[in-house]
Amino acid sequence: TGRNATLPKNLLRFTPQRVLSASYSSLRGGSMCTNAKHMTSQANLNVSFLRQMRQKYSVKVVQPEKYFDKVLIANRGEIACRVMQTCKRLGIKTVAVYTDADANSKHVRMADEAVYIGSNVVSESYTNMEKILEAMKNTGAQAVHPGYGFLSENSEFANAVREAGLTFIGPNSEAINAMGDKIESKLIAKEAGVHIIPGYDGEVSLEQAVEAAKDIGYPVMIKASAGGGGKGMRVAYNEEELIEGYKLSQSEAKRNFANDKMLIEKFIEEPRHVEIQVLSDTLGNHIYLNERECSVQRRNQKVVEEAPAVVLDVELRKRMGEQACMLARAVNYVGAGTVEMMVDKNKNFYFLEMNTRLQVEHPITEMITRVDIVEQMLRAASGKPLSFTQDDIGIHGWATECRVYAEDPHRNFAPSIGQLTSYIEPTSTDGSVRVDSGIVERSEISVFFDPMISKLVTWGNTRDESIDRMIEALDTYVIHGVQNNVELLRDILTKETYRRGDLTTDFLKHEYPHGFKGVQLSETQYNQLAAAAALVEFSFLNQRYSDADKMSSEEFTIAVGRHETEDEKKELRVRINQDGETFHVTMLDSNTTVSINSDWTTADKILRAQIGDEKVILQVRKRRGVDMILQFLGAEFSLEVYNSREAQYKHYMPYFPPPDLSKMIIAPMPGSIISVNVQPGDEVKAGQVMLVMEAMKMQNSLKAAVSGVVKEVKVKEGDIVNHEQVMIELN
């Protein structure tokens, strides 16, 4: 762009070979265009640009290494797109697979080829080994990248790929088997010299678990030997919880992993969840890419991650990293793997498990190490050595990742199904914001697959800078059409304990002991919201007038409430005055005035403003009549904005109270009925389990809110239910 121009360091994170090698390949094929004509035009333009660069600056263009000609990605969504991104940069053709629900998905459009593999039933599509192998053979794909989930840790699939003369981009089946079984992996780790958690060595029956817990001491962790992703795991603080947790965990394990073997171990209290990213090749090289902290979890599923970890110093990081490599070496590991550990309050660490795949949260490691982990997986699978030695791996800044889900944290994280009617991802000019997603505007979040929207990642020179950038990114993330967890994510990042780095795996329980109840506004924040609403309404009203006739002042009565509740709204009376580019909003009830400066227009979804001494960001989600919805601090607020005359008539409108739902058992999310524990005529007490349903591969016990007599049971075992469907009614 200019003779003295330099590329920001953040843009060099995915250039492990030569800067110009990556730049050249990005220009040639990395633009992710789906229009063939545009791609050809863009490619010609890029080649012309590079020719000019060579002539003007004597630049030597280095072609990237090519590990395979064509790779099939046996996955969907954001991880399929992520793998394709690196393949395109390296000049490798990609093949997508898809089901009915994914026919128009982003990963299908990104790929060079796409193969239909069946219905939305996972066993008939994404985990159907025969169909994946057939797709590889028919398209001429030399290798398969499994992503995470589905077939990524299936040793039978890895072995079948290799028996077919093709390449599985990951470890061998022996390593997958060894690390996939929590009992065997624990024994191997112990033999390799890795610290392990005290517990019972081997599989336990329910009776053995009860006896073992007496020796180990409560609390204990019951978990499925073949489990993962928080499924098939329960913590028990007494024998009653142990028995119930064992049965539920074993049932989940059998349904999700076709393996109901259980193990028991001591539950470490006040633990931090810290994991080590390892890379290995076929030549016996093993390195660690430092650590990630994943302590902010819900039901053992990670919510917010960061790298590096606050708790680790140089010496502890080295010890944990070396032990992770010892374990990888013990099973002749190849590719990318993650060794998960617990760190207690005294900085003792213990092995939990090894995930033999690309981890969901790998982007934060890439951000701080400037290593493209997917490329290193491709290198290792092709028989080449890793591009780095341990001495090459440093820590550059800090990275934070938030998992953005289509789920409602106000309703026990029930999945939200529907179409993304408006979708705009946050961006940055310096590479400090990264969004790994598999969706675009008008994409469908379906009941068939995980409701993840994206992985939002921010980078900063310091931890505080990374967090502040994440908060701004969440504020500018436009997601309409489905409920999402942005409000919770943002609130977590503003907690003093999080900002200090005082984290444990019980962080969410401690911060939200009664569940997440939503953002609670201070008086100052109410005033900021009212000022913004006044600015929005004033701007819309002034659109009707010519410049000469525009209003300079107006008075409003603004009723503010949470969008998802029927709670009584708080009323504020305000007057707005315009003075050039500045607006002055007076709160008439308190006689306080704030100034507001903003270049917002009625066509913008994002409203950035300086309100008083504070910079705020809001989203204007809806304005129709007197109704307005603004997103502020990640939360949706429903407002009614009346001018002085309209306010006089508002009090004459009838009020319709919401129905009493306490006597109904209502499906909190779409799912299937596992068991029904009552029948008409049964007397039940508040807190009694009425039925068990499964949703998103997790089983949930639904309990009676009040005591009463069962009036009607509307579902039976095996039924599929929709969100908010009434299943049981009480008298």
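Residues Leu316 and Val311 share a closest heavy-atom pair of CD2-O, 4.4 Å. When all heavy atoms are compared, the tightest approach of Met367 to Gly431 is CE-O, 3.8 Å. Gly147 and Asn75 get closest at one heavy-atom pair: CA-ND2, 3.8 Å. Heavy-atom minimum distance, Ile445 versus Ala406: CG2-CB, 3.8 Å. Between Ala141 and Leu166 the shortest heavy-atom distance is O-CD2, 3.6 Å. For Ala158 against Pro171, the heavy-atom pair with the smallest separation is CB-O, 4.4 Å.
Using modelled atom types and a 3.5 Å distance limit, the side chains of Asn355 and Thr338 yield no donor-acceptor pair. The closest side-chain donor-acceptor pair between Lys106 and Ser443, if any, does not fall under 3.5 angstrom. Looking at Tyr148 and Arg357, their side chains never bring a donor and an acceptor atom within 3.5 Å of each other. Looking at Thr389 and Asp392, their side chains do bring a donor and an acceptor atom within 3.5 Å of each other. Under the 3.5 Å distance criterion, with hydrogens and angles disregarded, a donor-acceptor pair is assigned to the side chains of Thr86 and Arg82. For Glu156 and Ser173, the side-chain atoms include no donor-acceptor pair closer than 3.5 Å. Using modelled atom types and a 3.5 Å distance limit, the side chains of Ser387 and Gln376 yield a donor-acceptor pair.
Relative orientation of the Phe168 and Phe157 rings is perpendicular, given thresholds of 30° and 60° on the angle between their planes.
Ion pairing between a basic and an acidic side chain is recognised when a charged N comes within 4.0 Å of a carboxylate O; Arg403 and Glu305 show such pairing. Ion pairing between Arg89 and Glu375 holds under the 4.0 Å rule for side-chain N and carboxylate O. Taking 4.0 Å as the cut-off between side-chain N and carboxylate O, Glu78 and Lys455 count as a salt-bridged pair. A salt bridge does not link Glu322 to Arg317: none of the charged side-chain nitrogens sits closer than 4.0 Å to a carboxylate oxygen. A salt bridge does not link Lys70 with Asp112: none of the charged nitrogens is closer than 4.0 Å to a carboxylate oxygen.
Here the straight-line distance linking atom OG1 of Thr369 with atom CD1 of Ile364 works out to 10.5 Å at 0.5 Å rounding. Going from atom CD1 of Ile439 over to atom CG of Leu420 covers 5.0 Å, rounded to the nearest 0.5 Å. Taking CG of Asn348 as the start and CD1 of Ile268 as the end, the distance is 9.0 Å to the nearest 0.5 Å. Rounding to the nearest 0.5 Å places NZ of Lys88 at 10.0 Å from SG of Cys81. Rounded to the nearest 0.5 Å, atoms CD (Gln699) and NZ (Lys247) are 13.0 Å apart. To the nearest 0.5 Å, atoms CG (Asn259) and OG (Ser225) are separated by 6.0 Å.
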Side chain to side chain contact (heavy atoms under 4.5 Å, CB included) evaluation trace for Ile79 with His107: CA-CA 9 Å; Ile79 192 59; His107 78 278; over 6 Å; no
Candidate pair Phe349 and His195, rule ring-ring contact (aromatic ring centres under 6.0 Å, His included), full reasoning: CA-CA 7 Å; Phe349 63 91; His195 300 166; 4.6 Å; yes
From CA spacing to verdict: salt bridge (Lys or Arg N to Asp or Glu O under 4.0 Å), Lys186, Glu265: CA-CA 11 Å; Lys186 190 175 179 181; Glu265 62 191 19; 3.8 Å; yes
Derivation of the side chain to side chain contact (heavy atoms under 4.5 Å, CB included) call for Asn172 and Arg162: CA-CA 9 Å; Asn172 58 51; Arg162 291 182 172 120; 3.9 Å; yes
Side chain to side chain contact (heavy atoms under 4.5 Å, CB included) between Tyr333 and Met354, intermediate numbers included: CA-CA 11 Å; Tyr333 199 81; Met354 183 177 189; 3.7 Å; yes
Val433 vs Val457, side chain to side chain contact (heavy atoms under 4.5 Å, CB included): CA-CA, chis, key distance, verdict: CA-CA 6 Å; Val433 177; Val457 184; over 6 Å; no
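Crowding of Lys93 atom NZ: a count of heavy atoms from other residues, nucleotides or ligands under 6.0 Å not exceeding 12.
Counting heavy atoms from C-beta on, the side chains of Leu263 and Tyr200 never come closer than 4.5 Å. Counting only heavy atoms from C-beta outward, the side chains of Glu134 and Val115 never approach each other to under 4.5 Å. Counting heavy atoms from C-beta outward, Leu72 and Ile132 have side chains that approach closer than 4.5 Å. Within the 4.5 Å cutoff, the side chain of Ile73 has no heavy atoms near those of the Val95 side chain. Side-chain contact check for Asp100 versus Ser119: some heavy-atom pair is nearer than 4.5 Å.
Within the cation-pi definition used here (under 6.0 Å to the ring centroid, within 45° of the axis), Arg76 qualifies as a partner of Phe449. Under a cutoff of 6.0 Å and an axis angle of 45°, Arg298 and Phe413 form a cation-pi pair.
No donor-acceptor pair under 3.5 Å is formed between the side chain of Trp398 and the backbone N or O of Ala309. Under the 3.5 Å distance criterion, the side-chain polar atoms of Asp281 are matched with a main-chain donor or acceptor of Leu386. Judged purely by atom type and a 3.5 angstrom limit, Ser152 uses its side chain to pair as donor or acceptor with the backbone of Gly149. A donor-acceptor pair is defined here as one N or O able to donate and one able to accept, closer than 3.5 Å; such a pair exists between the side chain of Asn256 and the backbone of Glu252. A donor-acceptor pair under 3.5 Å is absent between the side-chain atoms of Thr94 and the main chain of Met84, judged by distance alone. Between the Ser105 side chain and the Val108 main chain, no donor and acceptor come within less than 3.5 Å of each other. Under a 3.5 Å cut-off, the side chain of Glu353 and the backbone N or O of Lys182 do not form any donor-acceptor pair.
A search for side-chain hydrogen bond (donor to acceptor under 3.5 Å, both in side chains) contacts involving Lys131 returns nothing, not counting sequence neighbours. The ring-ring contact (aromatic ring centres under 6.0 Å, His included) check on Tyr98 picks up Tyr116, with sequence neighbours excluded.
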Would you be so kind as to tabulate the donor-acceptor pairs closer than 3.5 Å made by side chains of residues 272-280, with sequence neighbours excluded?
from, atom 1, to, atom 2, distance (Å)
Arg272, NE, Glu293, OE1, 3.4
Arg272, NE, Glu293, OE2, 3.1
Arg272, NH1, Gly501, O, 3.2
Arg272, NH2, Glu293, OE1, 3.3
Arg272, NH2, Gly501, O, 2.8
His273, ND1, Gln297, NE2, 2.8
His273, NE2, Glu340, OE1, 3.0
Glu275, OE1, Lys302, NZ, 2.8
Glu275, OE1, Gln359, NE2, 3.4
Glu275, OE2, Arg292, NE, 2.7
Glu275, OE2, Arg292, NH2, 3.1
Gln277, OE1, Arg292, NH1, 2.9
Gln277, OE1, Arg292, NH2, 3.1
Gln277, NE2, Gly337, O, 3.1
Ser280, OG, His286, ND1, 2.7

